[in-house]
Amino acid sequence: MCELLGMSANVPTDICFSFTGLMQRGGGTGPHKDGWGIAFYEGRAVREFRDTRPSIGSEIARLVQGYPIKSHIVISHIRRANAGRVCLENTHPFTRELWGRQWTFAHNGQLPGIKKALALDFYQPVGTTDSEFAFCWILSEIRRRFTKQPRRPQTLWRELNELCNAIKEFGVFNLLMSDSKYLYCFCSTKLFWITRKAPFNRAVLKDAELEVDFKHETTPDDIVTVIATEPLTANEQWHQMQAGQMCVFHHGLICC
């Protein structure tokens, strides 16, 4: 299956270190060679890069790896195609507008039968993946249930959790999604996260010969959370999410 990578931070932060580890798994240390994508939030807008080539050999991936784009929220995905051919329209992350915000979505897993069981309303897929179909259904349901953005964010979180639990009944549904303010993570089978804050320490990648001492790269006030399908570092303690659990991150801190 595919692999996910996300970041939530309280200050604009680059993801070069973690992305360097992830891209090795895209045809190098892992079999996820059917394309990759990454989305960086800048305010309400999204800067996107996607490629159908394996990330290990992608010139665009090397650009992202070496160019320190700063963002509060990042969502990335490397694909091992199961449903839908290898093409740009089937490459995650997917993006749609709701309430004047760009929503971004990436999914790990397979959802057999979802297209026959659920009906779409306002949002329609561009590609043929069950992932994009699920994203369109979630946003269509949110749009149907709320004419405008709920005043209390917890109201939306409860609805999202309910929708995600409904979709996971079709198969494996690990996801990262954002509305430019919060990073939503739902675990069906496997997701890990780690929060780095002062006092910062050294981190060593599993998939590349690279380490960084974050105390030389950060300020004492920085808070950065990284979410991944599998832990990216060999010397840090990652937290594993439970099946059916949704976590919401804001400015690097977990909200629920």
Side-chain angles (χ1 to χ4, degrees), residues 1-6 8 37 39 73 75 77 79-84 89-99 101-193 227-229 239-250 254-256:
M1 288 190 290
C2 310
E3 289 207 23
L4 300 167
L5 170 64
S8 171
I73 298 175
I75 292 177
H77 179 276
R79 186 178 182 221
R80 186 178 186 184
N82 292 300
E89 60 265 31
N90 286 338
T91 305
H92 308 221
F94 305 108
T95 305
R96 296 291 191 279
E97 179 275 334
L98 175 64
W99 302 325
R101 292 180 178 271
Q102 292 279 19
W103 289 64
T104 304
F105 172 102
H107 162 233
N108 164 301
Q110 300 178 54
L111 302 168
I114 190 172
K115 294 182 181 180
K116 292 182 179 180
L118 301 180
L120 297 180
D121 184 11
F122 185 83
Y123 296 96
Q124 298 294 322
V126 175
T128 58
T129 64
D130 50 13
S131 302
E132 188 183 15
F133 185 96
F135 180 39
C136 290
W137 184 78
I138 288 174
L139 286 192
S140 292
E141 283 296 301
I142 293 172
R143 183 186 176 97
R144 183 179 65 81
R145 297 181 188 194
F146 301 105
T147 56
K148 59 182 179 179
Q149 186 170 358
R151 183 172 300 177
R152 296 183 70 253
Q154 293 83 355
T155 303
L156 176 61
W157 301 350
R158 285 194 297 269
E159 294 296 321
L160 279 174
N161 189 48
E162 177 186 315
L163 295 171
C164 289
N165 273 292
I167 291 179
K168 82 175 177 65
E169 296 304 310
F170 292 96
V172 177
F173 191 58
N174 303 301
L175 78 85
L176 298 180
M177 183 167 67
S178 181
D179 58 0
S180 78
K181 186 173 183 180
Y182 297 99
L183 178 61
Y184 307 102
C185 312
F186 184 82
C187 176
S188 170
T189 56
K190 188 188 298 184
L191 269 182
F192 293 82
W193 61 273
I227 304 95
T229 301
H239 305 278
Q240 183 169 9
M241 292 178 60
Q242 301 302 308
Q245 181 184 8
M246 187 175 80
C247 291
V248 181
F249 293 93
H250 180 58
I254 190 166
C255 302
C256 78

List the steps and the verdict of side-chain contact (heavy atoms from CB on, under 4.5 Å) for F105 and L139.
CA-CA 10 Å; F105 172 102; L139 286 192; over 6 Å; no
CA sep, side-chain torsions, deciding dist, call: W193, F249, side-chain contact (heavy atoms from CB on, under 4.5 Å):
CA-CA 11 Å; W193 61 273; F249 293 93; 3.9 Å; yes
Derivation and outcome, side-chain contact (heavy atoms from CB on, under 4.5 Å), residues I138 and L160
CA-CA 8 Å; I138 288 174; L160 279 174; 3.9 Å; yes
Check against salt bridge (charged side-chain N to carboxylate O under 4.0 Å, His left out), K190 and E3
CA-CA 10 Å; K190 188 188 298 184; E3 289 207 23; over 6 Å; no
The test is side-chain contact (heavy atoms from CB on, under 4.5 Å); show your working for M177 and Y182 and say whether it passes.
CA-CA 8 Å; M177 183 167 67; Y182 297 99; over 6 Å; no
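Between M241 and C185, the closest side-chain pair of non-hydrogen atoms falls below 4.5 Å. Side chains of L163 and W137 form a contact here, defined as non-hydrogen atoms less than 4.5 Å apart. For the pair N165/F186, a side-chain contact is recorded, criterion being any heavy-atom separation below 4.5 Å from C-beta on. Contact check for N108 versus R80: no side-chain heavy atoms found under the 4.5 Å cut-off. In this structure, the side chains of V172 and Q110 stay at 4.5 Å or more apart for every pair of heavy atoms. Side-chain contact between L176 and I227 is present, with at least one heavy-atom pair separated by less than 4.5 Å. Residues L183 and I75 are in side-chain contact: their nearest non-hydrogen atoms beyond the backbone lie under 4.5 Å apart. Side-chain contact check for W157 versus C255: some heavy-atom pair is nearer than 4.5 Å.
Counting only distance, with no hydrogens or angles, the side chain of S180 and the backbone of R101 share no donor-acceptor pair below 3.5 Å. Judged by distance alone, with hydrogens and angles left aside, the side-chain atoms of N174 form no donor-acceptor pair with the main-chain N or O of G109 at under 3.5 Å. Between the side chain of T104 and the backbone N or O of S178 there is no donor-acceptor pair closer than 3.5 Å. The backbone N or O of E97 lies less than 3.5 Å from a partner atom in the side chain of Y123, making a donor-acceptor pair.
With rounding to the nearest 0.5 Å, the separation of CD in Q245 from SG in C164 is 12.5 Å. The distance from the CG atom of L175 to the NZ atom of K168 is 12.5 Å, given to the nearest 0.5 Å. Here the straight-line distance linking atom CD of E141 with atom CG of L120 works out to 9.5 Å at 0.5 Å rounding. The CG atom of N161 sits 5.0 Å away from the CE atom of M246 when rounded to the nearest 0.5 Å. Annotation: the span from Q149 atom CD to I142 atom CD1 amounts to 10.0 Å, rounded to 0.5 Å. For the atom pair F133 CZ and S140 OG, the distance stands at 9.0 Å (nearest 0.5 Å).
When H107, R96, H92 are each tested for a side chain to side chain donor-acceptor pair (under 3.5 Å) with E132, only one passes: R96. Looking at R143, R145, R144 one by one, the single match for salt bridge (charged side-chain N to carboxylate O under 4.0 Å, His left out) with E159 turns out to be R145.
Annotation for T91 and G37: closest pair CG2-N, 4.4 Å, computed over non-hydrogen atoms. Residues V248 and Y184 come closest through the heavy atom pair CG2-CD2, 3.8 Å. A pairwise comparison of heavy atoms in C136 and P125 identifies SG-N, 3.6 Å as the closest pair.
Ion pairing of E162 with R158 is absent here, as no side-chain N (NZ or NE/NH1/NH2) approaches a carboxylate O to less than 4.0 Å.
A donor-acceptor contact under 3.5 angstrom links the side chains of N90 and T128, judged on distance only.
Between W103 and F94, a ring centre-to-centre spacing not shorter than 6.0 Å is recorded.
In the displayed structure, R151 atom CZ is contacted under 6.0 Å by at most 12 heavy atoms of other residues, nucleotides or ligands.
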